[in-house]
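Below, chain A is the first sequence line, B the second, and so on; all start at residue 1. Heavy atoms only: backbone and side chains are in, while hydrogens, waters and symmetry mates are out.
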Amino acid sequence: MADQGNEKKQGFVEHITPRDVDFSQWYTDVIMKTELVDYAPVRGCMVLRPYGYAIWERIQEEMDKRFKATGHQNVYMPMLIPESLLLKEAEHVEGFAPEVAWVTQGGNEPLQERLAIRPTSETIFCAMYSKWVSSWRDLPMKYNQWCSVMRWEKTTRPFLRTAEFLWQEGHTIHATAEEAQEETLQMLEVYREVVEEELAIPVLVGRKSDKEKFAGAQATYSMEAMMQDGKALQAGTSHNFGTNFAEAFNIQYLNKEGKLAYVHETSWGTTTRLIGAIIMTHGDERGLKLPPRIAPIQVVIVPVAAHKGGVLEKCQELHDQLKAQGLRVKLDDRDTLSPGFKFNDWELKGVPLRIEIGPRDLEKGECVVFRRDTYEKRSVAISELDRLLPQLLEDIQRNMFAIAKEFRDGRITVVSGMEELKKATENGFAKAMWCGDRACEDEIKAEMSVTSRNMPFDQEPVGDKCVCCGKHADKVIYFAKAY
RNA sequence: CGAGGUGUAGCGCAGUUUGGUAGCGCGUUUGGUUCGGGACCAAAAGGUCGCAGGUUCAAAUCCUGUCACCUCGACCA
């Protein structure tokens with residue numbers, strides 16, 4: 001029975017729009033049919049269903065433990081921000097004003113001052129920090145909050161852009177510019193680590209251009225992932241505010257020399273958009289494909305002819321054993337569905353490993369193990385599973401990252417002129433030299449709807465002339481169409 | 001927000017041109033037989049036709065408005 005990975009026998013049933021026919025429709029089919037989300041009866045909002053929320057909880061867990069390990073604490077700020085507070089930092093207001101939702105009435109009384117539903121919480125963190133800091137001994141303060149924010153977006157798509165979304169926002173204040181910069185880059189690295197090692201999504205990290213940076217930031221850094229349609233998805237950002245907000249909100253402390261000084265501030269965020277990134281990085285013709293480390297269910301056990309010869313009992317026993325071993329395992333004991341249906345169903349839902357156990361296997365003390373990433377099926381002694389499954393999960397994790405990275409790298413093209421840039425960004429990223437002028441970015445965006453993504457650190461130049469204007473250039477930069 | 005498209009049972013659709021009893025497939029429920037890649041038989045339940053107005057003896061069908069979703073553009077995580 002070994003290696004019966006015969007493609008023809010694996011009559012998988014097509015239930016979603018093929019990925020290469022209509023990527024966008026494929027995405028919608030996948031998120032709906034896997035029951036990750038549903039549309040809410042509110043404009044632009046989505047409901048995270050149990051399976052979708054479970055993925056978010058896994059991401060939270062991985063992020064949160066690293067935040068704690070790097071010395072951060074969680075807090076919770078109010079959802080409502082007084083208008084006067086939001087108006088304090090000019091660039092910040094300008095950036096967010098168009099998409100703020102307002103509360104104008106409390107009960108039956110109109111409010112004296114309208115309240116913004118937070119689009120982000122810099123201003124309220126600043127208001128509190130200004131109360132809490134007085135001495136250099138109070139610094140740094142490194143807080144994070146898990147919450148939802150609201151941005152009145154004109155067009156929305158589940159996970160990628162919704163009016164309300166779940167995220168974490170870290171906000172820290174420091175005594176020196178050096179510390180703030182170190183924090184900014186440290187958190188970018190934490191993000192990179194979670195996304196590459198846990199979500200198996202390769203990312204390009206680097207600094208944003210001034211045009212693309214956060215409203216009110218001195219510098220913004222991002223990680224950018226490539227989706228299977230070649231478009232970029234900004235997967236997380238980390239900002240250094242310098243003293244911009246501290247000056248606007250008067251966050252001062254007495255330094256060691258006994259003089260008043262402004263704090264240096266950072267903020268950084270990742271959102272449920274990461275779930276969209278997982279779907280569009282790894283998904284295939286059969287649906288979702290979850291990296292083992294983030295999958296809410298790593299191993300599903302499907303009994304065949306469950307009522308015969310103690311099959312179900314054996315499956316239950318195996319389930320308990322694997323669970324005790326620390327694997328996230330599920331026994332599919334639904335009694336009205338055929339095994340074939342369940343195979344398709346769990347592949348659609350992206351579970352990395354499936355174990356099939358039927359009467360024929362039991363006679364031999366074996367089971368069939370199926371890999372979601374390679375579609376490979378093979379017979380294995382049940383007694384080997386405790387050793388084999390963790391190895392397979394690690395192998396799948398590595399394999400998924402390698403495939404995603406190979407795909408991405410194969411679609412990054414070094415370009416030196418506008419025609420090449422246009423061609424490269426039709427289905428991937430362009431890597432180019434840039435002079436640093438805003439005008440060149442504007443021209444590229446106007447002509448081909450392509451934006452600069454970020455400027456990688458420590459990169460060898462790929463030329464010495466700006467891709468747009470041809471003048472001297474010393475900045476390596478990525479361009480792409482973006483979500 | 002600009003251009004185009006779609007809203008009819010949980011899902012996928014027909015019916016709209018030419019107004020006249022609300023249809024099909026899948027799913028669901030009950031019973032039985034099945035179970036190694038979306039099983040089969042029998043019976044049953046399920047819809048104010050996206051929503052709000054209007055025209056008409058009569059509206060899924062005609063008119064006006066509005067909302068949601070999809071595709072392509074402009075803004076954003």
For [N], does OP1 or OP2 lie under 4.0 Å from any side-chain N or O of [X]?
{"X": "A:K308", "N": "B:C35", "answer": "yes"}
{"X": "A:Y39", "N": "B:C70", "answer": "yes"}
{"X": "A:S338", "N": "B:A39", "answer": "yes"}
{"X": "A:R43", "N": "B:C67", "answer": "no"}
{"X": "A:T156", "N": "B:C69", "answer": "yes"}

Opposite nucleotide pairing with [N], Watson-Crick or G-U, both atom distances under 3.5 Å:
{"N": "B:U64", "value": "B:A52"}
{"N": "B:A39", "value": "B:U33"}
{"N": "B:U28", "value": "B:A44"}

Taking only the [atom1] atom of each, what is the distance from [N] to [M] in whole angstrom?
{"N": "B:U21", "M": "B:C26", "atom1": "C1'", "result": "26 Å"}
{"N": "B:A68", "M": "B:G50", "atom1": "C1'", "result": "7 Å"}
{"N": "B:A52", "M": "B:G15", "atom1": "P", "result": "25 Å"}
{"N": "B:U8", "M": "B:G23", "atom1": "C1'", "result": "10 Å"}

Practice problem: Examine the base of B:G37 for any acceptor or donor lying under 3.5 Å from a partner atom in the side chain of A:K377, and report the outcome as yes or no. | Solution: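 Side chain to base: pair present.
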
Exercise. Using only heavy-atom distances, decide whether a donor-acceptor pair under 3.5 angstrom links the side-chain of A:E347 to the base of B:G38.
Key: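 A donor-acceptor contact between them is absent.
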
Quiz prompt | Criterion salt bridge (charged side-chain N to carboxylate O under 4.0 Å, His left out) on A:R58 and A:E62, from CA distance to verdict | solution = CA-CA 6 Å; A:R58 286 288 309 123; A:E62 296 299 334; 2.9 Å; yes

Self-check item: Aromatic ring proximity, centroids under 6.0 angstrom, A:Y129 and A:H171
Solution: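 Judged by ring-centre distance (under 6.0 Å), A:H171 and A:Y129 do not meet the cut-off.
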
Quiz item: Among the nucleotides B:G36, B:A74, B:C70, which one has an atom lying closest to any side-chain atom of A:E356?
Solution: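 For A:E356, the side-chain atoms sit closest to B:G36.
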
Quiz item: A:I357 CD1 to B:G36 C1': how many Å, rounded?
Solution: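 Atom CD1 in A:I357 sits about 13 Å away from atom C1' in B:G36.
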
Quiz item: For A:M32 and B:G7, what is the distance between atoms CE and P respectively, to the nearest whole Å?
Solution: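 Atom-to-atom, A:M32 to B:G7, this comes out as 17 Å.
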
